[in-house]
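Let me begin by presenting the structure, written as structure tokens, before commenting on it.
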Amino acid sequence: MRIIRALPAIILLPLVAACATKTELSAADKRRAEALYQQNCAACHNNGETGAPGLKALRSRTPDAILAALETGLMREQGKALKPEERELLARYLGNSAQAVAGKMCTGTLASAPQKIWNRWGNGLENRRYQPAAAGGITPANVGSLELKWAFAFPDAARARSQPAVTKDAIYTGSADGRVYALNPESGCIWWTFDADAEVRNAPTIGDDGNLYFADFDAHVYAVNARSGKLVWKQSVKDHPAGTITGSVTLYDNKLFVPMSSTEVVSAMRGDYGCCTFRGGITALDARTGRSLWRMHTTEPATPQGKNKEGAKNFGPSGAPVWSTPTIDTKRKLLYFGTGENYSTPANDKSDSIIALEIGTGKIRWVQQMLKGDAWNASCGMHGNNVNCPKEDGPDLDFGAPPILVKATNGRDIILAGQKSGMIYALDPDQGGKLLWQQRAGMGGFNGGIHWGMASDGRTLYAGIADTPGNKGAVGPARQGMHAFDVVSGRPLWSKIEPFVCTEDKHECRTAMSAAVTLTDGIVFAGALNGILRAYSAKDGRILWTVDTRCDWPTVNGVKGYGGAIDSAGPVVADGRLIVNSGYDKFGQIPGNVLLVFGPKSGSSR
């Protein structure tokens, strides 16, 4: 593969660098820090099944990032067990303070009216993840000639999971250190950057008003001018100390609909933590000002439920977070979303559900619960301490992928929903979410089934399956790979099972497809946990093109770039480019920090 040169019209300015000086620890401090790590961290970070980043991934982060996680971020409850100087020592011991280079700056300014090509998580209000070939520019005729055009590496990152929004002039994406970038699609030079308060892991959305909307890990929502990168407004939607935003915001009718999730599922691992009180839901904001309009919760306020074995009070119901992007039904003026498991006993009637809300008020129109009695937190399981594990003990079968709204070939509107259980459901929006059909696509389980997103053109539904070994709640054999179903009937059309590529049980071997899949005319794109990105024939599942992203990449911004697992964010097809993130450090997966931009070889047919 080769890197194309920047267009002559693009003038690149010098590299913008920020250097940090690494202070070496004494031998005594290293021994003390290693002991702190073994006593407080190793049980999770040396075990890939807990969801925590591995030691290799931790060592790719800066000391400041690790300290922030221990004091104000995801690990703040665990950090409370350490003295301030111990937290700082751990951060210095684990972190990497090597030089970080931001990149090359473009000259000029962006267009005042962005020409949107791929926008929103699902490339539309319906979350179909479908891109017509006329806009995507990649077809079965030229997909086999795809080659790397350029790569951009995110500094101080062990994962790349903010799916870009794309216009004629810019690629907008977030990063693990909270920096949002506007990149030139031809060269990868930087139009502007904006620094959010925390990691930006969701997909930015471009409004008709010229603003870029996104959220950070600390539950702030931002409106930023897409042309200049200047802040328009910022609003916190946090109503719980552990509140966060994982899914992307949905923009419609001058309103932003914000999915509410949390890290309390991890906080529950502490025996002295009063588990649990977070309530998932949706918050609606005025897109013009950030003002709160309404808020809907998926559980009632938690009440005392006795004590755990260490004497801490238990509370419930709780949880039922919203991990993914809400879907808009403009015809019925409804908003659809899926929920996750409850965190504590008792499990309620809105966990593991598809819910419809009135857009104007947030009032519940209907609830279709697919699995009752699912309550789980990170205290449960073979690697948990079980101190705060609810009596239900899982099986933790979320709806992590957004519902898809399609008009089927029979003229009927259908909601399609995929679950970690490995099940796909078709619901009738005109009959209160009545079940039309259901189909098993994979064996499912707490880390199996359908994770981040399916794709559909209204005729066929495409689902990537993330089945991995040792899954609690699994049914039948593993079916990791790509699967196609008839939208009207649910009838299976074809399956392309991807067998493990080696015998060891490690992520380098796992062909499971957890990241969202993407459809353009004739092609389905999907990435796997082992870093392999493939183009499948939408007709029969034949492999049309493959690239291994798990390698070192030369980058346009001078930062060392390396690929890893592909998870969470799906590929983007826009204006003759295939854009994908590579690198994901959760669950012991393969770290990485690159945004890769592929395109057909010059002269290839569209």
Side-chain angles (χ1 to χ4, degrees), residues 68 72-74 114 116 119-122 125 127 161-165 172-182 192-264 278-298 321-328 335 337 357 359-362 402 568-569:
T72 61
L74 177 61
K116 296 173 289 228
N119 195 26
R120 309 172 184 273
W121 171 264
L125 294 170
N127 278 317
R161 61 177 290 179
S162 173
Q163 179 185 283
Y172 299 95
T173 188
S175 65
D177 66 0
R179 177 159 289 180
V180 176
Y181 296 85
W192 54 255
T193 65
F194 174 87
D195 289 331
D197 289 356
E199 178 183 6
V200 175
R201 57 173 57 187
N202 44 55
T205 292
I206 307 163
D208 292 336
D209 56 5
N211 287 338
L212 188 73
Y213 297 95
F214 55 89
D216 72 15
F217 190 72
D218 199 32
H220 294 105
V221 180
Y222 300 81
V224 169
N225 184 279
R227 184 185 187 192
S228 66
K230 301 298 184 185
L231 180 66
V232 178
W233 57 257
K234 168 185 165 185
Q235 180 66 263
S236 174
V237 298
K238 182 180 287 191
D239 64 354
H240 187 279
T244 189
I245 299 170
T246 302
S248 305
V249 300
T250 296
L251 174 65
Y252 173 68
D253 192 27
N254 289 319
K255 299 180 182 68
L256 284 173
F257 302 98
V258 184
M260 293 157 36
S261 59
S262 86
T263 62
E264 194 181 28
F278 170 78
R279 301 191 288 160
I282 301 288
T283 298
L285 303 178
D286 186 323
R288 293 161 294 195
T289 64
R291 179 175 62 88
S292 180
L293 300 174
W294 54 256
R295 180 168 299 203
M296 173 269 177
H297 287 108
T298 54
V322 183
W323 296 112
S324 61
T325 307
T327 297
I328 299 295
L335 177 148
F337 63 96
L357 303 183
I359 287 175
T361 64
S568 182

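Since the model is a prediction, treat every value here as computed from it, not as a measurement.
Every residue two or more places apart in sequence or in another chain that forms a salt bridge (Lys or Arg N to Asp or Glu O under 4.0 Å) with E199 is listed here: R159, R201. Partners of D209 under the salt bridge (Lys or Arg N to Asp or Glu O under 4.0 Å) rule, at least two apart in sequence or in another chain, do not exist in this structure. Not a single ring pair (Phe, Tyr, Trp, His ring centres under 6.0 Å) links Y213 to another residue, sequence neighbours left out.
Between Y181 and S175, the shortest heavy-atom contact is CE1-OG, 3.9 Å. The two residues E264 and A242 have their closest heavy-atom pair at N-CB, 3.6 Å. Nearest heavy atoms, S262 versus W323: O-CH2, 3.7 Å.
In summary, the side chains of T205 and R120 do not present any donor paired with an acceptor at a separation below 3.5 Å, with no hydrogens or angles considered.
Under the 3.5 Å distance criterion, the side-chain polar atoms of T298 are matched with a main-chain donor or acceptor of G280. No donor-acceptor pair under 3.5 Å is formed between the side chain of R279 and the backbone N or O of D239. Side chain of Q163 to backbone of W121: a donor-acceptor contact under 3.5 angstrom is found. Remark: side-chain polar atoms of N119 are paired, donor with acceptor, to backbone N or O of I206 under 3.5 angstrom. In this structure, the side chain of W192 engages the main chain of A226 through a donor-acceptor pair within 3.5 Å.
Distance check: S162 OG to D216 CG gives 11.5 Å after rounding to the nearest 0.5 Å. The structure places CD1 of I282 at 6.5 Å from CH2 of W294, a figure rounded to the nearest 0.5 Å. Separation of atoms CD1 (I245) and OG1 (T283) is listed at 8.0 Å; rounding is to 0.5 Å. Taking OG1 from T263 and NE2 from H240, the interatomic distance works out to 8.5 Å, rounded to the nearest 0.5 Å.
Between D286 and R288 there is a salt bridge, since a side-chain N of the basic residue sits under 4.0 Å from a carboxylate O of the acidic one.
Checked against a 6.0 Å centroid threshold, the rings of F337 and F257 do not count as neighbours.
Among T327, T325, I328, the single residue meeting the side chain to side chain contact (heavy atoms under 4.5 Å, CB included) criterion with L125 is I328. Of the residues listed (P326, P402, P259), the one engaging T250 in a side chain to side chain contact (heavy atoms under 4.5 Å, CB included) is P326, and it is the only one.
Side-chain contact between F214 and N202 is present, with at least one heavy-atom pair separated by less than 4.5 Å. Here the side chains of D197 and K234 are in contact, with some heavy-atom distance below 4.5 Å. Contact annotation: the side chain of S292 approaches that of L285 to within less than 4.5 Å [non-hydrogen atoms, C-beta and beyond].
Residue D253 places its CG atom among more than 12 non-hydrogen atoms of other residues, nucleotides or ligands, all under 6.0 Å distant.
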